[in-house]
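Owing to the predicted nature of the structure, the values given are computational and were not obtained by experimental measurement. Start at 1 and go down the list; that is how both ligands and their atoms are numbered.
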Amino acid sequence: MAKPLRIGLVLPDVLGTYGDDGNALVLRQRAVMRGIDAQIERISLNDEIPADCDLYTLGGGEDSAQVIAAARLAASPGLQAAAADGRPIFAVCAGMQVLGRTFTAHGDRVDGLGLIDATTSPMSTRAIGEVASTPSRAGITAELSEPLTGFENHMGATVLGPDAAPLGRITRGIGNDGASGVEGVVQGSVVATYMHGPALARNPQLADLLLARALHTTVDELRPLEIPLIDRLRLERLK
Ligand code: GLN
């Protein structure tokens with residue numbers, strides 16, 4: 001029997017505040033609906049971070065929680081090894097900030113993992129509300145064609161360096177920093193975003209892109225799934 005697809009849910013005990021654990025559920029469900037065996041591995045603060053999951057998700061969290069997450073991920077460097085090996089990593093909000101070079105929490109500059117060329121500093125007002133963008137189709141997201149939709153809620157302004165590309169070009173909302181007109185990050189096997197929702201429930205094509213990368217195939221090769229409720233949700237959110 002083929003080995004199940006392993007979806008690593010990274011530090012849900014600190015990065016589980018905004019419902020982004022749902023991204024792992026969506027990935028598992030979309031695999032299972034296609035007859036692909038898949039399981040979620042909850043990787044908690046007390047666990048070593050495994051380097052051999054097929055894909056990883058990280059969610060949002062409060063400032064103090066993300067400082068704890070950054071320290072743990074630096075101390076147990078499985079995610080860095082997985083990224084070096086090209087395994088897809090999907091990171092949301094605090095998860096994205098933690099994967100960058102530095103972020104600010106409670107006025108202190110904190111080192112991130114440096115997996116993406118991005119730095120985050122405080123914004124003057126909280127970015128909160130619907131966010132939508134057109135995919136940039138950079139790097140591993142080249143197959144994306146559908147508009148991206150989510151709910152942003154952050155105080156961090158994330159500025160990308162030359163090694164990072166945006167995930168989308170903003171059509172609604174604030175996005176990474178309120179100035180550059182872009183949302184999210186694509187770099188190597190990492191796709192990161194400020195979109196909560198959870199993002200993969202609202203953006204099934206993005207979920208399938210991550211699944212396809214984990215299965216070493218293309219989105220076109222995955223059996224299409226007809227889920228009218230998701231289509232209705234997208235229509236309603238993107239109108
Ligand atoms: N604490 C971070 C910020 O406010 C991330 C918040 C989040 O994950 N929603 O920018």
Side-chain angles (χ1 to χ4, degrees), residues 8-26 42-45 56-74 79 89-133 148-161 164 166-168 170 172-187 190-203 206 210 237:
L9 174 58
V10 180
L11 305 182
D13 34 4
V14 277
L15 298 178
T17 318
Y18 294 88
D20 302 312
D21 292 9
N23 289 322
L25 293 173
V26 170
R42 287 179 68 90
I43 306 161
S44 301
L45 274 175
Y56 295 82
T57 67
L58 291 82
E62 306 295 336
D63 285 10
S64 28
Q66 77 185 70
V67 173
I68 296 170
R72 182 61 196 143
L73 292 171
L79 201 62
I89 297 169
F90 182 61
V92 178
C93 205
M96 168 162 90
Q97 296 178 7
V98 163
L99 297 193
R101 297 196 184 285
T102 60
F103 60 89
T104 307
H106 308 301
D108 294 327
R109 206 133 194 77
V110 181
D111 283 338
L113 301 193
L115 294 183
I116 50 181
D117 186 11
T119 53
T120 301
S121 42
M123 276 200 286
S124 47
T125 51
R126 177 165 289 273
I128 183 160
E130 288 292 317
V131 60
S133 68
L148 296 161
T149 162
F151 189 89
E152 62 183 330
N153 181 5
H154 57 104
M155 275 294 279
T158 300
V159 174
L160 307 189
L167 172 62
I170 286 287
R172 180 176 179 186
I174 305 296
N176 283 357
D177 60 357
S180 58
V182 298
E183 201 295 304
V185 185
V186 180
Q187 186 173 334
V190 178
V191 178
T193 180
Y194 272 115
M195 294 186 294
H196 301 288
L200 299 185
R202 283 197 187 200
N203 300 283
L206 181 56
L210 294 162
R237 290 288 102 181

Quick one: does [X]'s side chain get under 4.5 Å of [Y]'s, heavy atoms only?
X: Phe103; Y: Asp63; answer: no
X: Val191; Y: Leu167; answer: yes
X: Val185; Y: Leu99; answer: no

Quiz prompt | Flag, side chain of Gln187 to backbone of Asp117, donor-acceptor distance under 3.5 Å | solution = yes
Quiz item: Is the backbone N or O of Ala132 less than 3.5 Å from a side-chain atom of Glu183, with the two atoms forming a donor-acceptor pair by type?
Solution: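 Judged by distance alone, no pair lies under 3.5 Å.
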N/O to N/O under 3.5 Å, ligand 1 against protein:
{"residue": "ligand 1", "atom": "1 (N)", "partner": "Gly61", "partner atom": "O", "Å": "3.2"}
{"residue": "ligand 1", "atom": "1 (N)", "partner": "Asp63", "partner atom": "OD1", "Å": "2.5"}
{"residue": "ligand 1", "atom": "1 (N)", "partner": "Gln66", "partner atom": "OE1", "Å": "2.9"}
{"residue": "ligand 1", "atom": "4 (O)", "partner": "Met155", "partner atom": "N", "Å": "3.1"}
{"residue": "ligand 1", "atom": "8 (O)", "partner": "Gly61", "partner atom": "N", "Å": "3.0"}
{"residue": "ligand 1", "atom": "8 (O)", "partner": "Gly61", "partner atom": "O", "Å": "3.4"}
{"residue": "ligand 1", "atom": "8 (O)", "partner": "Ala94", "partner atom": "N", "Å": "3.1"}
{"residue": "ligand 1", "atom": "9 (N)", "partner": "Asn153", "partner atom": "O", "Å": "2.9"}
{"residue": "ligand 1", "atom": "9 (N)", "partner": "His196", "partner atom": "NE2", "Å": "3.1"}
{"residue": "ligand 1", "atom": "10 (O)", "partner": "Gln97", "partner atom": "NE2", "Å": "3.0"}
{"residue": "ligand 1", "atom": "10 (O)", "partner": "Met155", "partner atom": "N", "Å": "3.1"}
{"residue": "ligand 1", "atom": "10 (O)", "partner": "Gly156", "partner atom": "N", "Å": "3.0"}

Quiz item: Do we see a donor-acceptor contact under 3.5 Å between the side chains of Gln97 and Thr158?
Solution: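 Short answer, no.
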